[in-house]
Amino acid sequence: MSSFPRPAMLDVTSLRRVRPWGGDPVDIAIDEGRITTITPAAADPIGIREFDGRGLLALPGIVNAHAHVDKSWWGLPWQSYGGESSTEGRIRHEREQRDALGIPSLERSAFVLRELVRHGTTAIRTHVDVDTSVGLRGIEAVEEAVAAYGGALDVQIVAFPQDGVLRRPGVLELLREAAARDSVTGIGGLDPASIDRDPVGQIDALTALAAETGVGLDIHLHDPAELGAFQIELIVDRTQRLGLGGRVTIAHGFAVAQLDPARRRDLLAAMGEAGVSMTTVAPLRLAQLPLAELDAAGVRLGLGTDGIRDLWSPFGTGDTLGIAWQYARAGGLMHDDELLRVVQLATSAGAWAVGRDVHDLVEGARADIVLVDAENPLDALVRQPERALVIAGGRALHVA
């Protein structure tokens, strides 16, 4: 087994004098990884395995709904960006360079997880590459890195065919094999039209496999405007036919923001009815997914970091709250209700992306809690303060 710094963890029985969502100070009792009671803050002395929150703002743990923890070079010397402008070019560049950088490996995945946790992340949906060259090694590396947290950190793995599905014989069988693993909650897909050149074939194959294996489906769709909308319509149709509602996600989905308003309204209505969700990493160079329209149509939205410091881009810090800031700023969201909604997307409203019904600071919920020095959630979003304390599953994983 490879050696790497093990995460420090400390069981917490009570979080004292904190302000959930900016409200009045309370004490939060924790037992077996869950919030048991929330009571008005008492003046009693702080006991063993109790943390004094000192009136800090408490938020639910941050949910990263779109990560790639297997692919980063973070922790290594600086790697210059290769300059490839297309998705195909970046795929090719990554395949050429990854082995020399130890991608995938336990060490690379463990470093990324540490950075995500440091920024307040307690639950992650991560896409892990599966192809005929790497096989399932990436999944195995991520599983080992996650195991070091002893169940405190919740990581859902999507077996992701980054190099294509139909154009690479054997990938569908690898996805089927991956779906049988306990750690794998979904399979992925990538640009059925522009990568596989067969949108109907790829979408039919992946939706059938998801229905057969009982896992979710998360398709990364970069194709623009009507080409992208056409593929979304195919996904919606198959989702309804196969009874996959609530289990299908479209990542990126740039096309939605590029359609005329009437066309977008109809497409979002169909997605909402079918139970197809979306995730975004809020790319600054493109129009943002319209939050109010998604909410009105009942289309769930999650936020994620995508790859950080990898062979696709040198950017990224691992901070999903930073992505939330970027999404709000780039989308022109400035009113209090809009900013609060964006914080919710990064926390409580991201529950769906990691298979939870409830992810909030309420009794009975998993004890995933982040403390920051901020007046309220809006202040935390705008100022991006350091995460003072990160508790996941009742264990302190990071203390500033």
Side-chain angles (χ1 to χ4, degrees), residues 1-5 64 66-116 124-146 155 157-171 174-175 177-178 184 187-192 194-197 218-223 251-252 281 283-285 304-319 323:
M1 179 183 292
S2 301
S3 61
F4 70 100
N64 189 332
H66 182 131
H68 290 270
V69 306
D70 61 319
K71 299 171 68 139
S72 179
W73 50 259
W74 213 344
L76 297 175
W78 181 266
Q79 301 296 313
S80 298
Y81 172 55
E84 292 73 16
S85 59
S86 67
T87 299
E88 182 67 66
R90 291 176 180 181
I91 291 171
R92 184 170 55 253
H93 174 68
E94 182 178 60
R95 293 300 175 268
E96 293 170 352
Q97 301 296 323
R98 63 184 178 183
D99 286 346
L101 298 177
I103 297 174
S105 66
L106 167 63
E107 290 80 6
R108 301 279 62 77
S109 297
F111 198 98
V112 174
L113 289 177
R114 187 183 73 183
E115 291 300 311
L116 296 182
I124 305 162
R125 177 189 287 196
T126 183
H127 307 272
V128 179
D129 283 9
V130 170
D131 59 46
T132 53
S133 174
V134 78
L136 303 185
R137 285 192 294 114
I139 291 177
E140 292 165 356
V142 172
E143 287 173 340
E144 189 173 356
V146 170
V155 179
I157 293 176
V158 175
F160 186 59
Q162 180 72 83
D163 197 25
V165 180
L166 302 183
R167 70 176 186 171
R168 303 300 185 201
V171 166
L174 281 171
L175 293 177
E177 183 180 348
V184 174
I187 57 173
L190 175 69
D191 292 335
S194 58
I195 294 297
D196 270 339
R197 303 289 183 175
D218 194 322
I219 296 182
H220 294 195
L221 186 60
H222 306 88
D223 291 335
H252 306 305
V281 300
L284 290 174
R285 69 189 186 279
T305 56
D306 208 347
I308 55 176
R309 289 201 173 196
D310 59 17
L311 292 166
W312 286 56
S313 164
F315 292 103
T317 64
D319 188 359
I323 296 296

Describe, in one word, how the ring planes of His252 and His220 are oriented to each other, choosing from parallel (under 30°), tilted (30 to 60°) and perpendicular (over 60°). perpendicular
Applying salt bridge (charged side-chain N to carboxylate O under 4.0 Å, His left out) to Asp196 and not counting sequence neighbours gives none
Is the shortest side-chain heavy-atom distance between Asp70 and Ile103 below 4.5 Å? no
Contacts of Asp319 meeting salt bridge (charged side-chain N to carboxylate O under 4.0 Å, His left out) (sequence neighbours excluded), chain-then-number -> Arg387
Sorted by chain and number, sequence neighbours left out, salt bridge (charged side-chain N to carboxylate O under 4.0 Å, His left out) with Glu140 holds for none
Applying side-chain contact (heavy atoms from CB on, under 4.5 Å) to Tyr81 and not counting sequence neighbours gives Arg90, Pro314
Note: Gly318 and Leu116 closest approach over all heavy atoms is O-CD2, 3.3 Å
- Task: Keeping the roles fixed (side chain from Asp99, backbone from Gly102), state whether a donor-acceptor pair exists under 3.5 Å.
- Result: no
- Query: Should Arg95 and Gln162 count as side-chain neighbours, where that means a heavy-atom distance under 4.5 Å?
  - Reply: yes
side-chain contact (heavy atoms from CB on, under 4.5 Å) filter on Pro192, not counting sequence neighbours, yields Pro199, Gln202, Ile203, Ile219, Leu221, Gln231
Residues passing the side-chain hydrogen bond (donor to acceptor under 3.5 Å, both in side chains) test with Ser109, sequence neighbours excluded, are none
The complete set of ring-ring contact (aromatic ring centres under 6.0 Å, His included) pairs with one or both residues in residues 87-109, sequence neighbours excluded, reads none
Here the gap from Thr132 atom OG1 to Leu174 atom CG, rounded to the nearest 0.5 Å, amounts to 7.5 Å
Across all chains, not counting sequence neighbours, the side-chain contact (heavy atoms from CB on, under 4.5 Å) partners of Glu96 are Arg92
Looking only at heavy atoms, the pair that brings Leu113 and Ala145 closest together is CD1-CB, 3.8 Å
Sorted by chain and residue number, the side-chain contact (heavy atoms from CB on, under 4.5 Å) partners of Thr87 (sequence neighbours excluded) come out as Ile91, Asp191, Ile195, His222, Trp312
Rounded to the nearest 0.5 Å, the OG atom of Ser105 sits from the CD atom of Glu107 at a distance of 5.0 Å
Thr317 and Ile308: side-chain contact (heavy atoms from CB on, under 4.5 Å), yes or no, with the steps?
CA-CA 6 Å; Thr317 64; Ile308 55 176; over 6 Å; no
Output for pair (Ile124 CD1, Thr305 OG1), nearest 0.5 Å, gives 8.5 Å
Tightest non-hydrogen contact, residues Leu136 and Ala178, listed as CD2-CB, 3.9 Å
Any chance you could lay out the side-chain contact (heavy atoms from CB on, under 4.5 Å) test for Glu143 and Ile157, step after step, and finish with the verdict? CA-CA 9 Å; Glu143 287 173 340; Ile157 293 176; 4.1 Å; yes
When every non-hydrogen atom of Gly307 is compared with those of His68, the smallest separation belongs to N-CD2, 3.8 Å
Worksheet item: Does Leu101 reach the side chain of Arg108, with side-chain heavy atoms less than 4.5 Å apart?
Response: no
Are the side chains of Thr126 and Phe160 in contact, using a 4.5 Å heavy-atom criterion? no
side-chain hydrogen bond (donor to acceptor under 3.5 Å, both in side chains) filter on Arg197, not counting sequence neighbours, yields none
Q.
With a 4.5 Å cut-off on side-chain heavy atoms, are Pro104 and Val142 touching?
A. no
Closest non-hydrogen contact found for Ala159 with Val130 is CB-CG2, 3.9 Å
- Item | Asp163 with Arg168: basic N within carboxylate O range, under 4.0 Å | yes
CG of Leu311 to OG of Ser72, rounded to nearest 0.5 Å, is 9.0 Å
If we ignore hydrogens and angles and just use 3.5 Å, is the side chain of Asp129 paired with the main-chain N or O of Gly138 as donor and acceptor? no
With sequence neighbours left out, the residues meeting salt bridge (charged side-chain N to carboxylate O under 4.0 Å, His left out) with Asp306 are none
For Arg125, the side-chain hydrogen bond (donor to acceptor under 3.5 Å, both in side chains) test, sequence neighbours excluded, returns Asp218, Thr249
| task | Hey, can you tell me if Trp78 and Trp73 have their rings parallel, tilted or perpendicular (30° and 60° cut-offs)? | result | perpendicular
